[in-house]
Amino acid sequence: QVQLVESGGGLVQPGGSLSLSCAASGNIFRINDMSWYRRAPGKQRELVATITSESTTKYADSVKGRFTISRDNAKNTVYLQMNNLKPEDTSVYYCAAELQRTWYASVQNYWGRGTQVTVSS
């Protein structure tokens, strides 16, 4: 079994900061890309940021310059540092990982259950 567990969500005022983390655990051989997505009420899921196993990063235009994705390969953990938060960043944030459970297994996507981030005064 593989589990991805997010933590760090909460309520923050506009202009504030939050840091999210997501730890993958279980039978894991290799993790490729790790990503953060978000879904706001009534909206489609949005890719926020991705980081490859070599730490190449990519961001949605809406968060560039404000969010930073990073990872610790030794801990199978991905982080999302969110600064200068805006009300429109309010969403449930999900982490995702492309990984292989064994050397001979195919790459599959796994998802966390999500953590709520609310930006409001």
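Each residue takes its place number in the sequence, starting with 1.
- Side-chain contact between S120 and P87 is absent, with no heavy atoms from C-beta onward closer than 4.5 Å.
- R39 CZ to Q44 CD: the interatomic distance, rounded to the nearest 0.5 Å, is 8.0 Å.
- Remark: of the listed residues Y37, Y94, Y93, Y93 is the sole one forming a side-chain contact (heavy atoms from CB on, under 4.5 Å) with V48.
- Heavy atoms only, all atoms of each residue included: Q100 and W103 are closest at NE2-O, 3.5 Å.
- Using a 4.5 Å heavy-atom cutoff, the side chains of V107 and N32 are in contact.
- Side-chain contact check for S91 and Q116: no donor-acceptor pair (N or O, by modelled atom type) lies under 3.5 Å.
- Using a 4.5 Å cut-off between side-chain heavy atoms of Ile, Leu, Val, Met, Phe, Trp and Tyr, with links allowed through other members, V92 and L4 fall into different hydrophobic clusters.
- Around the CD atom of Q3, the shell of radius 6.0 Å holds no more than 12 heavy atoms that belong to other residues, nucleotides or ligands.
- A donor-acceptor contact shorter than 3.5 Å links the side chain of E6 to the backbone of G114.
- Heavy atoms from other residues, nucleotides or ligands lying under 6.0 Å from CZ of R45 number more than 12.
- Taking the ring axis of F29 as reference, the NZ or CZ atom of R101 does not stay both within 45° of it and closer than 6.0 Å to the ring centre.
- Shown here for R38 and S62, the closest heavy-atom pair between the two residues is NH2-OG, 3.4 Å.
- Salt bridge status for K64 with D61: present, with a side-chain N to carboxylate O gap under 4.0 Å.
- Residues S17 and M82 fail the side-chain proximity criterion, which asks for heavy atoms closer than 4.5 Å.
- Between the side chains of D33 and T52, no donor N or O sits under 3.5 Å from an acceptor N or O.
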Residue pair R71, I69: steps toward the side chain to side chain contact (heavy atoms under 4.5 Å, CB included) verdict: CA-CA 7 Å; R71 66 191 281 172; I69 189 170; over 6 Å; no
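- R66 and D89 make their closest contact through NH1-OD2, 2.7 Å (heavy atoms, listed as atom of the first residue, atom of the second, distance).
- One distance of note links CD of Q1 with CD1 of I28; it measures 11.5 Å at 0.5 Å rounding.
- Atom-to-atom distance recorded for N73:CG and R30:CZ is 12.0 Å, nearest 0.5 angstrom.
- Remark: aromatic rings of W36 and F67 are distant, center separation not under 6.0 Å.
- Under the 4.5 Å side-chain contact rule for hydrophobic residues, Y59 and L20 share a cluster.
- Counting only heavy atoms from C-beta outward, the side chains of T57 and T50 never approach each other to under 4.5 Å.
- Interatomic distance, CZ of R113 versus SG of C22, reported as 13.0 Å (0.5 Å rounding).
- In this structure, a donor-acceptor pair under 3.5 Å is absent between the side chains of S21 and T77.
- Closest heavy-atom contact between S53 and I31: CB-O, 3.8 Å.
- Shortest non-hydrogen contact noted between A40 and T90 is CB-O, 3.7 Å.
- No continuous path of ILVMFWY side-chain contacts below 4.5 Å connects L85 to Y79, so the two sit in separate hydrophobic clusters.
- Note: the hydrophobic cluster containing Y110 also contains I51 (ILVMFWY, side chain heavy atoms under 4.5 Å, direct or indirect links).
- Residues L18 and G8 approach most closely at CD2-O, 3.9 Å, considering heavy atoms.
- In this structure, V117 is a member of the same hydrophobic cluster as L80, with clusters built from ILVMFWY side-chain heavy atoms closer than 4.5 Å.
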